[in-house]
Amino acid sequence: MAHTEREIERKYESDGGGLPDLTGVPGVAAVVDRGVAHLDATYYDTADGRLAASSVTLRRRTGGSDAGWHLKLPVAPGVRDEIRAPLGDDVPGALAALVRSRVRDRPLLPVVRLRTDRDVRHLVDADGRLLAEVSADAVRADRLTGAARTVRWTEIEAELAEGGDPAFLDAVGERLLAAGLRPGAHASKLARALAATAPEQRREPEAPPPVTAGDHVLAHLRAQRDALVALDPAVRRDLPDAVHRMRVATRRLRGAFRSYAKILDPAVTGPVGAELARLAAELGAGRDQEVLTERLAAALDDLPPALVTGPVRARLRTWSRARYGASRRRLAAVLDGDRHLALLDALDALVADPPLRGPAAHPPDRALGKAVRKDVKRLSARIGRALALPPGPERDLALHAARKQAKRTRYAAEAAGAALGDPARALARSVKSLQELLGDHQDSVMTREALRELAGEAHAAGESTFTYGVLYGREEHRAARDEAALPGVWEAVRARTGT
């Protein structure tokens, strides 16, 4: 069973190698000598270093208090999530799944062995509570692939105790720097070992800044491809907002394919877009259920107790868990499938060898601006059609179509922001407000469908359906309010675009 801990640490280098006196750090009542631990870790990666390139580490470690398999995923500079699994000979399946989007079908091989003698001190407060662990690590690193090479160094590591305030590490760092230490040049021991033992290679030049319209679109595609890959483990771990963010990445990619069809050949991007749509649909099932449950729970909280009759909350929980659990299992199977890996490979191939068309070589303000203006015209047509219809199911469908076009327009403007500057960014913000209004309206449509379903189940069980009717009426009123506000919001967008 995998276990996760948030790791917040700082690394330092010293010519002397010893630990300076830390008794004067504010908040520290005592520095407790915990002795020396002998750690032996073997790090795994693909032959082409895919995990290292993503600042991900996977190791099998013995010695110390946390022997086992450790997977470290970057969260922010100096912050990583460490996911642990019991010690065994093979990479645990739970950890292998979390690196699958990066590794694909490449085998994981032992690449570096690190043996560390760790001299540990605990910094504790007046109540004996652990504030941080500071250690002097004498490291030996052995390269296990290619020509065998060995390097040695000593580093100082300060790791915050669980639940601690990161500002405390700042105070520790000030004392260490004052004692003559330097901030570590590498984010991890593995990164330092790989850099020190790597064969001499010609350094690849940095990618030039985007110049043409094609350059800007490709930079956007790479960013969304990277987000899709990086979010995979977060979705598998069911972290907050991970599914939503991955779904947005798929939409941004598909939107770019459509909006910039004059720049990227649709004959190539079309099949990739279809696979992205399939993934988005699987992501949407669970996400939509989350949104519905949160909306219904909030609506119930707003009702006076006298209007809540029958086991409404219990039925909502049962209904939500059943549907969410099923969608989670299906999504996990999709992410584990060969078809998903093929999609990621196709995205890699597309950005490596892009199917650029003639306008890709044009200046960005010309080609990208034209594409954004075309999306705005499509949005205007869809809004006009929806407003011309009377309230009812047909208008609901038209407003949903307008919402999807609003997203596409916003994403196109955001993708062009680096090239077109503030006007594109302002347009994206303006369209976002329209998208949010239309999104609230669509959520109301879906919530009413869910309420009809829940009321039917309650009726079949002999329960009162009064509360479901009250909630339904409130959702009708909310949707009507959104529709009444739409012309004003749309006029603000039109003023921004000049349409």
Side-chain angles (χ1 to χ4, degrees), residues 238 241 243-244 247 251 277-278 280-331 334 382-383 385-407 434-486 489:
D238 202 15
D241 208 36
V243 169
H244 172 64
R247 192 181 186 189
R251 286 171 171 167
R278 172 180 171 270
E282 297 293 351
L283 292 164
R287 174 61 183 168
D288 291 344
Q289 187 62 48
E290 281 184 317
V291 170
L292 283 176
T293 301
E294 291 170 2
R295 190 175 178 109
L296 285 168
L300 270 175
D301 290 340
D302 287 341
L303 283 183
L307 298 183
V308 181
T309 61
V312 181
R313 295 184 189 278
R315 180 162 294 283
L316 175 59
R317 284 194 298 270
T318 302
W319 174 82
S320 177
R321 287 171 182 168
R323 283 154 183 76
Y324 186 73
S327 68
R328 286 291 307 170
R329 290 189 293 273
R330 181 171 174 81
L331 179 56
V334 168
R382 295 202 174 183
I383 291 289
R385 179 177 182 276
L387 290 175
L389 293 169
E394 191 174 355
R395 176 186 261 198
D396 291 343
L397 289 173
L399 288 171
H400 184 43
R403 177 199 183 194
K404 290 191 285 188
Q405 181 59 41
K407 288 181 180 178
L434 173 68
Q435 174 195 325
E436 290 173 346
L437 178 72
L438 294 171
D440 186 73
H441 183 276
Q442 177 61 17
D443 288 345
S444 179
V445 171
M446 295 175 62
T447 301
R448 279 176 277 159
E449 292 177 359
L451 285 166
R452 282 194 292 268
E453 181 180 343
L454 286 163
E457 293 178 359
H459 177 74
E463 300 165 5
S464 171
T465 60
F466 172 78
T467 301
Y468 303 105
V470 172
L471 293 174
Y472 191 97
R474 290 193 169 198
E475 284 295 342
E476 282 188 319
H477 176 73
R478 187 167 175 173
R481 184 182 61 200
D482 289 338
E483 292 181 34
L486 177 58
V489 175

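Quick note: residue numbers are just sequence positions, from 1.
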Item to check | Main-chain N/O of D443 paired with T447 side-chain donor or acceptor, under 3.5 Å | outcome: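 Judged by distance alone, yes, a pair lies under 3.5 Å.
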
Counterpart residues, salt bridge (Lys or Arg N to Asp or Glu O under 4.0 Å), relative to [X] (two or more places apart):
{"X": "D440", "result": "R295, R478"}
{"X": "E476", "result": "none"}
{"X": "R251", "result": "none"}
{"X": "R395", "result": "E483"}

Can you confirm whether [X] sits close enough to [Y] that some side-chain heavy atom of one is under 4.5 Å from a side-chain heavy atom of the other?
{"X": "L454", "Y": "W319", "answer": "yes"}
{"X": "L331", "Y": "R328", "answer": "yes"}
{"X": "T467", "Y": "L300", "answer": "yes"}

Quick one: list whatever passes side chain to side chain contact (heavy atoms under 4.5 Å, CB included) with [X], sequence neighbours left out.
{"X": "V445", "value": "D396, H441, Q442, R448, E449"}
{"X": "L387", "value": "I383, L486, P487"}
{"X": "R321", "value": "R317"}

Do you know the tightest heavy-atom contact between [X] and [Y]?
{"X": "A485", "Y": "L437", "result": "C-CD2, 4.1 Å"}
{"X": "V243", "Y": "L283", "result": "CG1-O, 3.3 Å"}
{"X": "T293", "Y": "S320", "result": "OG1-OG, 2.7 Å"}
{"X": "R315", "Y": "A461", "result": "NH2-CB, 3.6 Å"}
{"X": "L471", "Y": "A299", "result": "CD2-CB, 3.7 Å"}

Checklist entry - Looking at R287, M446, R323, which hits side-chain contact (heavy atoms from CB on, under 4.5 Å) with L292? => result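 For L292, the side-chain contact (heavy atoms from CB on, under 4.5 Å) test succeeds with only one of R287, M446, R323, which is M446.
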
Can you list everything that forms a side-chain hydrogen bond (donor to acceptor under 3.5 Å, both in side chains) with [X]? Sequence neighbours excluded, please.
{"X": "R452", "result": "Y472"}
{"X": "S464", "result": "T309"}
{"X": "R385", "result": "none"}
{"X": "R382", "result": "none"}

Next on the checklist: A quick test of your reading: do over 12 heavy atoms of other residues, nucleotides or ligands sit less than 6.0 Å from CD of E453?
Outcome noted: yes

Item to check | Sequence neighbours excluded, every pair satisfying salt bridge (Lys or Arg N to Asp or Glu O under 4.0 Å) that has a member inside residues 298-310 | outcome: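 For residues 298-310: D301-R313.
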
Item to check | Interatomic distance, E457 atom CD to Y468 atom OH [nearest 0.5 angstrom] | outcome: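 Between E457 CD and Y468 OH, I get 8.0 Å after rounding to 0.5 Å.
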
Checklist entry - Checking side-chain contact (heavy atoms from CB on, under 4.5 Å) for the pair L451/L296: CA distance, chi angles, key distance, verdict? => result CA-CA 9 Å; L451 285 166; L296 285 168; 3.6 Å; yes

